[in-house]
Structures are given as C-alpha cells and as structure tokens.
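For reference, the structure discussed in these notes is given below.
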Amino acid sequence: MIRNVVLHLLNEQPLHADLLAEPTPGDVTVVCTNVRLMNGQRPAFVDDLRSTFIFPYTQMRFIEIPATARAAAPEPPPALGPGEPSPGEPSPGDGASDRKADPALDGGSEPEGDLGLDEELLRRVREL
C-alpha cells in the first residue's frame, strides 16, 4: 500500500488517499482507500472513509506520489539492459548530485495554507 498519495482531480481540490498498488501503464482506473481532503477532513461526497474508491483516469489531471511514500513501499528491482549502470551507481551527466542539493525536489516541503473547501460555502452553493 502506498500512503498519502495526492490525487489531482479535474475541476476539484486535491485529495489525499492510500493506493492499493502503484498505477501501471495498462490501468484505466485508480483504486484507493482512505480518501480525505488535504487538511485530513472527510470530503462531502464520501460516506465512509473505510470504503474502496475507484476513480477513472479520465477524471484525473495527475497523481502525485511523494518520495517518502515510494521509499516506504516495496519496489521490485528494475531490469537492467546492456550498458546500463546499476541502481546505486549514478550515470555521468544525469544530474543526480544536482537533484540531491535542491531542497525543492526532495519532497519534504509542507503545503502552504489551507486549500480545502469551506463546508458552509458548499452548502450555500448547493442551495442555489
């Protein structure tokens, strides 16, 4: 299970969720559990947080998998082709040292502010 993935849905605020498995190129849906707003609250469309949710890729902009979530999930070793360096060995010119030095790319930064929707605002919009 991959925890705390950010699902960026079309025309919606991002959601946190736990994926059952990492998406593959052949998938047409994302299967997840524990769907919640970025501030941890239950979204208005969710009745039970323990449910399993299936989102079609046609409703997704993109899926953000934090580096910390990938490190916690077991990952099979990639198949190496001829002439490819081993996983721990950086290839010349790949910029691996540059990526480690840039704090914006480490995935450790916290989101700025509360981007969740106000429940009172949602109620007033539904009444219109």
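We're numbering straight along the sequence, starting at 1. Quantities reported herein were computed from a predicted structural model and do not represent experimental measurements.
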Work out which heavy atom in [X] is nearest to a heavy atom in [Y]; give both atom names and the distance.
X     : Y     : result
Met38 : Pro14 : CG-O, 3.5 Å
Glu64 : Pro66 : O-CD, 3.5 Å
Tyr57 : Thr24 : OH-O, 4.5 Å

Decide yes or no for Pro43 and Val35: does some side-chain heavy atom of the first lie under 4.5 Å from some side-chain heavy atom of the second?
yes
Less than 4.5 Å apart, side chain to side chain, heavy atoms only: is that true for Val31 and Leu19?
no
hydrophobic_cluster_shared for Leu10 and Val28, side chain cutoff 4.5 Å:
no
Which distance, rounded to the nearest 0.5 Å, do you find between the [atom1] of [X] and the [atom2] of [Y]?
X     : Y     : atom1 : atom2 : result
Leu7  : Phe53 : CG    : CZ    : 11.0 Å
Phe55 : Glu12 : CZ    : CD    : 9.5 Å
Cys32 : Arg3  : SG    : CZ    : 12.5 Å
Ile65 : Asn4  : CD1   : CG    : 12.0 Å

Derivation of the side chain to side chain contact (heavy atoms under 4.5 Å, CB included) call for Val6 and Ile63
CA-CA 6 Å; Val6 182; Ile63 300 171; over 6 Å; no
What pairs of residues pass the ring-ring contact (aromatic ring centres under 6.0 Å, His included) test when at least one of them lies in residues 7-36, not counting sequence neighbours?
His8-Phe62
Salt bridge (Lys or Arg N to Asp or Glu O under 4.0 Å) pairs touching residues 26-44, sequence neighbours excluded, are Asp18-Arg36
Quick note, salt bridge (Lys or Arg N to Asp or Glu O under 4.0 Å) partners involving residues 46-63, not counting sequence neighbours, are Asp48-Arg50
